[in-house]
Amino acid sequence: MNQASLALIKNSIKTIPDYPKPGIMFRDVTSLMEDGEAFKMSIDLLVAHYKDRGFTKIVGTEARGFLFGAPLAVALGLGFVPVRKPGKLPRATNAQSYELEYGMDTLEIHQDAIQAGDKVLVVDDLLATGGTIDATVKLIRDLGGEVTDAAFIINLPDLGGEQRLLDLGLDVLSLCEFEGD
Ligand SMILES: O=P(O)(O)OC[C@H]1O[C@H](OP(=O)(O)OP(=O)(O)O)[C@H](O)[C@@H]1O
Ligand SMILES: Nc1ncnc2[nH]cnc12
């Protein structure tokens, strides 16, 4: 990938120390989105990487996974499936609990949103411990979907998420990394 484009993306992301609690270095992807060039570049790079790969659906995880997963799905001409926090999806759902860098949560998916044979790309803004995407992958695989790849704007390598997802058999792509978390 073009190094100047990747630098533009990384430099657009602001860091907020001690948010949402002391000791967390919060990597704020909303500052990337406020920069039209960086936002478009991030989607364009993902489109170039994932086009013509045979994916049938993109799954994005609430909330920030929606912000990158949906535009990528439109650009690739694929359906977008939201994985949401509990009680937000109106049809029958499956649920999976998971651990965050700072807390516990549960995610849900519509039971009829993934069919056996779907080849799914999972998208989120940021990879930390990998707990969110681990739970998301379980939800998709339980419905018979095949998940081979996960894409992120930001990876926090010190938190071990990439290895966790490699252990699940995924190929992992991130557009930038921040160390020291
Ligand atoms: O790799 P992990 O340790 O699971 O952490 C990464 C997840 O944490 C953040 O979401 P958060 O749960 O804060 O929800 P939000 O997008 O609704 O703010 C981020 O957007 C990822 O989804
Ligand atoms: N350090 C961090 N910055 C932004 N979002 C996060 N989600 C989990 N850890 C995070």
Side-chain angles (χ1 to χ4, degrees), residues 6 9-35 38-39 42-43 45-46 57-73 80-89 93-110 113-114 120-142 145 147-181:
L6 294 174
I9 288 167
K10 181 166 181 175
N11 290 335
S12 74
I13 296 166
K14 293 180 177 161
T15 296
I16 295 88
D18 300 321
Y19 179 89
K21 65 179 200 184
I24 302 288
M25 296 288 279
F26 193 84
R27 311 300 180 175
D28 181 12
V29 84
T30 69
S31 59
L32 179 155
M33 297 176 65
E34 289 158 13
D35 177 338
F39 192 17
S42 66
I43 299 300
L45 289 173
L46 295 177
K57 284 190 180 125
I58 290 187
V59 170
T61 309
E62 185 168 353
R64 288 173 265 156
F66 299 172
L67 305 173
F68 294 90
L72 180 61
F80 177 77
V81 176
V83 163
R84 297 210 62 181
K85 309 268 165 86
K88 299 286 189 182
L89 293 171
T93 57
N94 285 355
Q96 183 74 49
S97 290
Y98 67 107
E99 204 170 316
L100 277 177
E101 184 186 359
Y102 36 79
M104 285 289 296
D105 219 333
T106 299
L107 289 172
E108 295 182 349
I109 192 168
H110 277 136
I114 300 289
V120 179
L121 168 62
V122 174
V123 178
D124 207 347
D125 70 317
L126 180 141
L127 176 60
T129 67
T132 303
I133 296 307
D134 189 334
T136 298
V137 167
K138 286 195 178 96
L139 288 168
I140 298 163
R141 288 181 173 166
D142 281 352
V147 191
T148 55
D149 289 74
F152 305 89
I153 306 304
I154 304 165
N155 180 26
L156 307 181
D158 297 349
L159 296 174
E162 182 164 5
Q163 188 57 52
R164 182 168 175 176
L165 300 189
L166 293 174
D167 291 345
L168 289 176
L170 300 187
D171 284 341
V172 177
L173 173 70
S174 52
L175 301 184
C176 64
E177 295 192 342
F178 290 90
E179 304 201 43
D181 288 278

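Read the numbers this way: they start at 1 and go in the same order the structure lists the ligands and their atoms.
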Using distance alone, decide if ligand 1 has a nitrogen or oxygen within less than 3.5 Å of any nitrogen or oxygen in Ala128.
yes

Residues Lys85, Glu62: salt bridge by 4.0 Å N-O rule
no

Nearest heavy atom to atom 15 (P) of ligand 1 wins, so pick from Gly60, Ala63, Pro20.
Ala63

Atom NZ of Lys14: over 12 foreign heavy atoms under 6.0 Å
no

Considering all heavy atoms, the nearest Phe66-Gly60 contact
CE2-O, 3.4 Å

Assess Asp125 for proximity to ligand 1: is some non-hydrogen atom of it under 4.0 Å away?
yes

Short list, please: which atoms of ligand 2 are under 4.0 Å from a heavy atom of Met25?
1 (N), 2 (C), 3 (N)

Side chain to side chain donor-acceptor pair (under 3.5 Å) between Ser12 and Ser31, intermediate numbers included:
CA-CA 6 Å; Ser12 74; Ser31 59; 5.6 Å; no

Polar-atom distance check: Leu126 versus ligand 1, any N or O pair below 3.5 Å?
no

When you compare ligand 1 with Arg64, is there at least one nitrogen or oxygen pair between them that comes in under 3.5 angstrom?
yes

Salt-bridged, Asp124 to Arg64, with N to O below 4.0 Å?
no

Polar-atom distance check: Gly130 versus ligand 1, any N or O pair below 3.5 Å?
yes

For Arg64, counting its heavy atoms only, list the atoms of ligand 2 lying under 4.0 Å from any of them.
4 (C), 5 (N)

Are the charged groups of Asp142 and Lys138 less than 4.0 angstrom apart, N to O?
no

Just heavy atoms, cut-off under 4.0 Å: does Glu62 contact ligand 1 by side chain, backbone, both, or neither?
backbone

Side chain or backbone of Leu156 under 4.0 Å from ligand 2, or both, or neither, by non-hydrogen atoms?
side chain

For a quick check under 3.5 Å, do Thr132 and Thr61 share a side-chain donor-acceptor pair by atom type?
no

Heavy atoms of Asp125 and Val29 approach each other most closely as OD2-CG1, 3.6 Å

Mind checking whether Asp124 contacts ligand 1 via backbone (N, CA, C, O), side chain (CB onward), both or neither, at a 4.0 Å heavy-atom cut-off?
side chain

Distance-minimising heavy-atom pair for Lys57 and Ala113
NZ-O, 3.1 Å

Any atoms of ligand 1 less than 4.0 Å from a non-hydrogen atom of Lys85? List them with their elements.
12 (O), 14 (O), 15 (P), 17 (O)

Per-residue contact class, Thr132 against ligand 1 - non-hydrogen pairs under 4.0 Å:
both

